[in-house]
There are 2 protein chains.
Amino acid sequence: MELTSPPHPPAPAHEARGRPLPELALETIWYRRRISRADLSRLLEVSRSTASELVSDLLATKLVAEVGDGPSRGGRRPILLEFQDEAHLILGVDMGATHVAVALTNLRGRVLAWREEAHPVRSDPDGTRELIVRLCEACLADVPGASEALLGLGVAVPAPVDHRDPKRLSPTVLPAWEGRSGFESLETHFGVPVFMDNDANLGAVAERWWGAGRGIEDFTYIKLATGIGAGLMVGGEVYRGATNAAGEIGHVSIDPKGLPCVCGNRGCLVTFVGGEALVRRAREGLAGAPGSMLSGCEITTGIIERAALARDPLAMQVVREAAHHLGVAIAGLLNLLNPGAVILGGSLARLGDDLLLPLRETVLRRTLVSSVAASEIRVSELGPRGIAIGASTLVLASALERPSLFPTMRD
Amino acid sequence: MELTSPPHPPAPAHEARGRPLPELALETIWYRRRISRADLSRLLEVSRSTASELVSDLLATKLVAEVGDGPSRGGRRPILLEFQDEAHLILGVDMGATHVAVALTNLRGRVLAWREEAHPVRSDPDGTRELIVRLCEACLADVPGASEALLGLGVAVPAPVDHRDPKRLSPTVLPAWEGRSGFESLETHFGVPVFMDNDANLGAVAERWWGAGRGIEDFTYIKLATGIGAGLMVGGEVYRGATNAAGEIGHVSIDPKGLPCVCGNRGCLVTFVGGEALVRRAREGLAGAPGSMLSGCEITTGIIERAALARDPLAMQVVREAAHHLGVAIAGLLNLLNPGAVILGGSLARLGDDLLLPLRETVLRRTLVSSVAASEIRVSELGPRGIAIGASTLVLASALERPSLFPTMRD
DNA sequence: CAAACTTTGTTCGACTACCGAACAAAGTGC
DNA sequence: GCACTTTGTTCGGTAGTCGAACAAAGTTTG
């Protein structure tokens, strides 16, 4: 039997099987997608009789089904078991600072329906909650029978949160929300559990399961948007720090004599690479770049990105500068955390090599050989849907870890 | 029954008991020091009959003994079981850049014998290995019967290491050692297993078990000596990164336009706060401080530290400047990692408040309120013996996790 | 002080999860 | 055609854990 990793995400811990066998069995079948009882018994290191017993329980839950015979390996042909990816559906909500997006996915992270809409999330909690419900229902309406199959709802919020308590919200970042998410209403409305986490953390989760972080235990995901936040993946789990505030890389100073930042520090990364900083630098550069695509319009980060993709010299110059500053911060990150990869997400990541090449150059000049050798700096593989997919994955991961969340495994 | 934490270190995971009960039982008795069968059954959440059975096995190993009756709580008085701290001894070796120190400890981290000696460790591998053996034997000779009771040997090395393979050593930091530790000879010489880890990591371990990091799951230990390194404690475990290079905080840049560093970067923390930087700053300041204790002698970091403790103005000025620079780096660390504490070790930590007060001032000015609120910056509680104690603790932790290391539990 | 109640620790029968051996079914290879 | 493999099931055995019952040694109440 081959033990090479199949596609996709976190392999169940093969070594010390700490958890109950039924859970490990379900997780392993999900992970391998198709597997025989014999292979399962070898992977879990239990006897074939035990594997058989476990499987017969799982068949009863309808999460696993027999799907015909596999190829013989010199003896009787194995009966293939397959995880039923469509047995349940999950709603993943990306609540950004200025927009809301919703993905309806199956149990393999595939997006079956998608909705997004601009909205002043920061200032309008009630309207945001209504919008979330509306977009969710629109997604559910796209897929017949979706409401009945719904397993749970995951929400990515642009603020530090205690992921164990989806009711509360940090009041310092979203003051209008008064410290309450109000997502209990989602729970009652859709009749399923609601999970919540920080957006950068969920970006990291999504990349780990389906994107550029597959197979990497320790990496850092950096979301480059209006603000800058990081999701730290440590040992395959999100690292949250002592008070859920880990990952605030935007307020790491890269120049102690730099401009003052709202946070009280000077020369924060966000004052060089944040949305407002990019707009400011573009404006400053307009005088020296008369023919630029950026002249004569209201400059936004979206416009700068588009102009850079169209190879506008001024926009590219702004991006290049930002990349160099980002490089200084990432060099420090590499020295301190020695991650297996750095994955860039957020809107700025769309620029690909225009961002990566100057960034890598700065990093190479500024790190110890040993630490950067194994480190790779990449852009997100999931693009703008990554955060919503991560929110959905949050529910999936919880369910695979604690299968009692599946209605058919509760009895 | 009270569930408040007794003194000391990592409590065994009470929740999901992932590991075999005999191991958890031993660990719990070690942790509580004295406990009855009834209390043990409640802590482990097993029946009293099972607890009784587990205990009778442990009594046979001599690691646990009955030590009379405890106070009644309204019924029959409990028989107290006590972990036998002196059942085995451990050697902890602190291999610094310029010295070797050895601690002989019991199973509670208490130092029973101590030796140290200056030595050019970097350039003389063979002499260092001989010196380690000599100091270890001297320690063993101090305690009657120590050799027979020896459980294992832990070594702290001043370089990144793969702690799972004590034979290899990073050749980039200690070139004369040619990538080999040669510690297999220690294994055969003393007839016990040898464990190895990086010195900053072991400083963190020691503080977590016995010092300023007790009860804190996530903290950062910073060793301030000739070089500057950090041990990152994440979820109660040392975080090593993808290639065992995590914690290189000395080469995090705090000023991108600063002096070039040997690592290729500019303005590394070590160029402001490292041993050579302190000496350089002291020399530069001599002209403006005619009566200083530092004039007229060969300046070393040790002398600067002593002068600062004696309140010499120039030395204090050098320390204050270093503290401010360190503060910039720590502010970044707090924003990025949000640790529950930052613990300063190494020789510079002896200065206590002279270092801490200016440091805290800089940090307060440079961090988000939320992240620093729960974070505390402290100095090591273990002092110069911390690293050796950490090396000993490495062995202790391994044995409590995998009790088959105890000879009496092997059969 | 006796009676009632608590707590501790042990004993013992029962249950559960898992294993290994044996076996039938269904393949491959010479 | 025959020997050998692999798969999946059946079934009796075993180790680990539990619960009930009990004796021993306390405390509290009247």
Side-chain angles (χ1 to χ4, degrees), chain A residues 1-3 14-29 32 34-60 64-82 403 409 411, chain B residues 1-3 14-29 32 34-61 64-82 403-404 409 411:
Chain A
M1 179 191 48
E2 43 161 355
L3 275 166
H14 283 185
E15 354 74 49
R17 61 165 189 237
R19 294 163 46 211
L21 276 178
E23 302 185 11
L24 279 182
L26 180 64
E27 206 172 300
T28 303
I29 297 175
R32 310 287 299 203
R34 299 181 145 219
I35 190 174
S36 67
R37 291 166 172 84
D39 278 353
L40 183 65
S41 87
R42 281 185 284 259
L43 274 176
L44 295 180
E45 293 179 303
V46 298
S47 66
R48 284 206 313 278
S49 43
T50 308
S52 250
E53 172 72 21
L54 292 168
V55 165
S56 77
D57 289 351
L58 286 176
L59 289 174
V64 171
E66 296 187 335
V67 290
D69 291 356
S72 161
R73 269 179 283 179
R76 172 175 167 179
R77 297 167 64 188
I79 305 171
L80 285 188
L81 306 159
E82 191 182 65
M409 284 199 66
D411 23 51
Chain B
M1 178 191 47
E2 45 162 353
L3 275 166
H14 283 186
E15 355 73 49
R17 60 165 189 238
R19 294 163 44 211
L21 276 177
E23 303 185 10
L24 279 183
L26 180 65
E27 205 172 299
T28 303
I29 297 175
R32 309 286 300 202
R34 298 180 144 220
I35 191 174
S36 67
R37 290 167 172 82
D39 277 353
L40 183 65
S41 86
R42 281 185 284 258
L43 275 176
L44 295 180
E45 293 179 302
V46 298
S47 66
R48 286 207 311 281
S49 42
T50 311
S52 250
E53 172 71 21
L54 292 167
V55 165
S56 76
D57 289 352
L58 286 175
L59 288 173
T61 70
V64 171
E66 296 187 335
V67 289
D69 291 355
S72 160
R73 267 181 283 178
R76 174 175 165 179
R77 295 168 63 189
I79 305 170
L80 286 187
L81 306 159
E82 192 183 63
S404 59
M409 285 200 66
D411 25 50

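In what follows, chains are A, B, ... by sequence order, proteins preceding strands, each numbered from 1.
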Check the pair B:L40, B:V46 against side-chain contact (heavy atoms from CB on, under 4.5 Å), reporting the backbone distance first and the verdict last.
CA-CA 8 Å; B:L40 183 65; B:V46 298; over 6 Å; no

Between B:T50 and B:S47, is the side chain to side chain donor-acceptor pair (under 3.5 Å) condition met? List the steps.
CA-CA 5 Å; B:T50 311; B:S47 66; 2.8 Å; yes

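As rounded to whole Å, 10 Å separates atom P of C:dC18 from atom CG of A:L24. Residue A:L54 contributes atom CG, which lies 9 Å from atom P of C:dC19 at whole-angstrom precision. If you take CG of B:D57 and C1' of D:dA15, they are 12 Å apart, rounded to a whole angstrom. Atom CD1 of A:I79 is separated from atom C1' of D:dT6 by 12 Å (rounded to the nearest Å). Here D:dT7 presents its C1' atom at 10 Å from CG of A:D39, a figure rounded to the nearest Å. Straight-line distance from the CZ atom of A:R73 to the C1' atom of D:dT5: 12 Å, rounded to whole Å. For A:L21 and C:dT16, the CG to P distance is 17 Å, given to the nearest whole Å. For B:E53 and C:dT8, the CD to P distance is 20 Å, given to the nearest whole Å.
Residue whose closest nucleotide on DNA chain C sits further toward the 5' end, between A:P22 and B:R48: B:R48. With the nearest nucleotide of DNA chain C identified for both A:G75 and A:S47, A:S47 has the one nearer the 5' end.
For the pair B:R73 and B:D39, the salt-bridge criterion is met [side-chain N within less than 4.0 Å of a carboxylate O].
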Anything under 3.5 Å between a protein N or O and an N or O of nucleotides 1-4 of chain D, put it in a table, one pair a line.
none

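Ranking C:dT8, D:dG8, C:dC19 by closeness to the B:R42 side chain, first place goes to C:dT8. When each of C:dG9, C:dT8, D:dG8 is scored by its nearest atom to the side-chain atoms of B:S52, the top-ranked nucleotide is C:dG9. Among D:dG8, C:dT11, C:dG27, the nucleotide with an atom closest to any side-chain atom of A:R77 is C:dG27. Comparing atom distances between the B:S49 side chain and each of C:dT7, D:dG19, D:dT10 picks out D:dG19 as nearest.
Residue A:S72 is classed as a sugar-phosphate contact, given heavy-atom separations below 4.0 Å to backbone atoms only.
At least one side-chain heavy atom of B:L59 sits under 4.5 Å from a side-chain heavy atom of B:E66. Looking at B:I35 and B:E82, their side chains never come closer than 4.5 Å, going by heavy atoms from C-beta outward. Residues B:R37 and B:I79 have side chains in contact (heavy-atom distance under 4.5 Å, counting atoms from C-beta outward).
Residue B:R37 places at least one side-chain N or O under 4.0 Å from the OP1 or OP2 atom of C:dT10.
Between atom CZ of residue B:R48 and atom OG of residue B:S41 there is a gap of 6.5 Å, rounded to the nearest 0.5 Å.
A donor and an acceptor atom never sit less than 3.5 Å apart when one is taken from the side chain of B:R76 and the other from the base of C:dT7.
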